[in-house]
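Scroll down for the structure; my scribbles are underneath it.
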Number of protein chains: 2
Amino acid sequence: MTIEINFNSEEAYYMQIRNQVISQIAYGELKKGESLPSVRQLAEEIGINMHTVNKAYSLLRQEGYVKIDRRRGAMVDVEYRQDADLKEISDEMYLLVAKARCKGIDKDRVHKMVDEHYAKGN
Amino acid sequence: MTIEINFNSEEAYYMQIRNQVISQIAYGELKKGESLPSVRQLAEEIGINMHTVNKAYSLLRQEGYVKIDRRRGAMVDVEYRQDADLKEISDEMYLLVAKARCKGIDKDRVHKMVDEHYAKGN
DNA sequence: CCTGATGTTATATTATAGATATAACATCAG
DNA sequence: CTGATGTTATATCTATAATATAACATCAGG
């Protein structure tokens, strides 16, 4: 697994890790059942603190993307929560569509964006 | 204009204000050319500090949603930056689609979400 | 020419979150 | 027993969010 931290970004390191893991699961670079590096391993590899990686992994578990075993570490195991997941994504989409509407981006253009992202990988 | 702050939310006050203004512009509750309350007015109305409101307004200006006149205050005036706006929204959509794909939400379901949000107001 | 309301700037303080640094602990495969 | 795992606990440092005062430049309107 490859994680790259942008140290100049305003986005928190643990969020960058979390987002990249989600992206890699979605686009097939991380497969179901596959193990993530240990918190210590990944921390050293990217040159940050263990606790920061741990925070990312804990969040991923809490959000239902991985399962964590006390000694085998974290592995990809997406938990489906149809109602909660749909609501969360719809809520985020609400603001995104609001921005688009303000900026004069029409529905078809947004559909095209969605299609492009669905066309990738996997 | 009505702004409601959720004081228990983890989301910063100034971001709540910014998001609600964007939403209201998008869905027609705030019309082009319409004035926002002064920073002092709105701050007192919702019971927070002037500087917090000012931060929200400044961000909205920086992002191209309002124009600020030194003494008439802020008014809705959306600036279109086709390239930058499209890229920003597409980037956000990327992660949103990644989440959806992980959670088994298919493309049609996402399209439906978009349509629902486009169907509202205005 | 004043008055008052506007956004703006400056400084200081407090609280919280992000990140780091050590250290120790429980677990259990090998 | 050993070693690697995630976990928990402190402590420290920095940056951000929010508040609190105060002052400033601007200028419409009386």
Side-chain angles (χ1 to χ4, degrees), chain A residues 1 3-22 30 33-79 95, chain B residues 1 3-22 30 33-79 95:
Chain A
M1 196 181 65
I3 297 288
E4 292 191 0
I5 298 297
N6 178 355
F7 293 98
N8 297 318
S9 171
E10 62 190 350
E11 192 172 34
Y13 300 167
Y14 81 97
M15 283 300 285
Q16 292 189 40
I17 296 172
R18 173 257 202 182
N19 289 344
Q20 287 181 43
V21 170
I22 290 176
L30 267 175
E34 194 167 339
S35 281
L36 306 191
S38 77
V39 292
R40 289 177 175 86
Q41 241 179 296
L42 183 55
E44 190 180 13
E45 186 180 324
I46 60 188
I48 64 172
N49 191 274
M50 179 195 74
H51 296 294
T52 306
V53 177
N54 194 52
K55 193 168 179 179
Y57 281 15
S58 296
L59 181 57
L60 283 164
R61 176 190 52 189
Q62 187 190 329
E63 294 178 330
Y65 293 99
V66 304
K67 246 190 167 176
I68 298 181
D69 182 284
R70 190 154 202 118
R71 69 214 128 286
R72 275 182 305 174
M75 63 163 43
V76 179
D77 181 15
V78 180
E79 185 185 341
L95 185 61
Chain B
M1 196 182 65
I3 297 287
E4 293 191 359
I5 299 296
N6 177 357
F7 293 98
N8 298 318
S9 171
E10 61 190 353
E11 193 172 32
Y13 299 167
Y14 81 97
M15 284 299 287
Q16 292 189 40
I17 296 172
R18 172 258 201 183
N19 289 343
Q20 286 181 44
V21 170
I22 291 176
L30 267 175
E34 194 166 339
S35 281
L36 307 192
S38 77
V39 293
R40 289 177 176 85
Q41 242 180 294
L42 183 54
E44 190 180 14
E45 186 180 323
I46 60 187
I48 64 172
N49 191 275
M50 180 195 73
H51 296 294
T52 307
V53 177
N54 194 53
K55 192 168 177 179
Y57 282 14
S58 297
L59 181 57
L60 284 163
R61 177 190 51 188
Q62 187 190 329
E63 296 178 328
Y65 292 100
V66 306
K67 245 189 167 177
I68 297 181
D69 183 285
R70 189 154 203 120
R71 71 215 125 288
R72 276 181 305 174
M75 63 164 42
V76 179
D77 181 14
V78 179
E79 185 184 342
L95 185 61

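When reading the values below, keep in mind they use all heavy atoms of this one structure, side chains included, and skip hydrogens, waters and symmetry mates. Throughout, protein chains are lettered first and strands after them, A, B, ... in sequence-line order, and every chain is numbered starting at 1.
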message: I want to confirm an ordering. Mapping A/His51 and A/Arg72 to their closest nucleotides on DNA chain C, which one lands closer to the 5' end?
response: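 Here A/His51 is the residue nearer the 5' end.
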
message: Under 3.5 Å for both pairing distances: what stems, at least three Watson-Crick or G-U pairs long, include DNA chain C?
response: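 Counting only runs of 3 or more consecutive pairs, the stems involving DNA chain C are C:1-30 with D:1-30.
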
Do [X] and [Y] come within less than 4.5 Å of each other through their side chains, counting heavy atoms only?
{"X": "A/Val53", "Y": "A/Tyr14", "answer": "no"}
{"X": "A/Tyr65", "Y": "A/Ile22", "answer": "yes"}
{"X": "B/Tyr57", "Y": "B/Val66", "answer": "no"}
{"X": "B/Gln62", "Y": "B/Leu59", "answer": "yes"}

N-O pairing of B/Lys67 and B/Glu79 below 4.0 Å: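 Salt bridge between B/Lys67 and B/Glu79, a charged N being under 4.0 Å from a carboxylate O: no.
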
query: Would B/Phe7 and B/Tyr13 count as a close aromatic pair, with their ring centres under 6.0 Å?
result: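 Judged by ring-centre distance (under 6.0 Å), B/Phe7 and B/Tyr13 do meet the cut-off.
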
- request: Let me know the distance between CE of B/Met15 and C1' of D/dT16, rounded to the nearest Å.
  value: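 Whole-Å distance recorded here is 13 Å.
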
Side-chain donor or acceptor of B/Glu34 paired with backbone N/O of B/Met75 under 3.5 Å: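 Side chain of B/Glu34 to backbone of B/Met75: no pair is present.
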
- prompt: What are the bounds, 5' to 3', of the part of DNA chain C that sits under 4.0 Å from heavy atoms of chain B?
  reply: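 So the contact region on DNA chain C extends C/dT6 to C/dA10.
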
Regarding [X], tell me which of base, sugar-phosphate or nothing describes its non-hydrogen contacts under 4.0 Å with the strands shown.
{"X": "A/Arg40", "answer": "base"}
{"X": "B/Glu11", "answer": "nothing"}
{"X": "A/Gln16", "answer": "nothing"}

query: Does a sphere of radius 6.0 Å around CD in A/Glu11 hold more than 12 heavy atoms from other residues, nucleotides or ligands, not counting ones at 6.0 Å or beyond?
result: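 Atom CD in A/Glu11 is crowded, with more than 12 foreign heavy atoms closer than 6.0 Å.
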
- prompt: Reckon B/Lys55 has a side-chain N or O less than 4.0 Å from the OP1 or OP2 of D/dA17?
  reply: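 Yes.
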
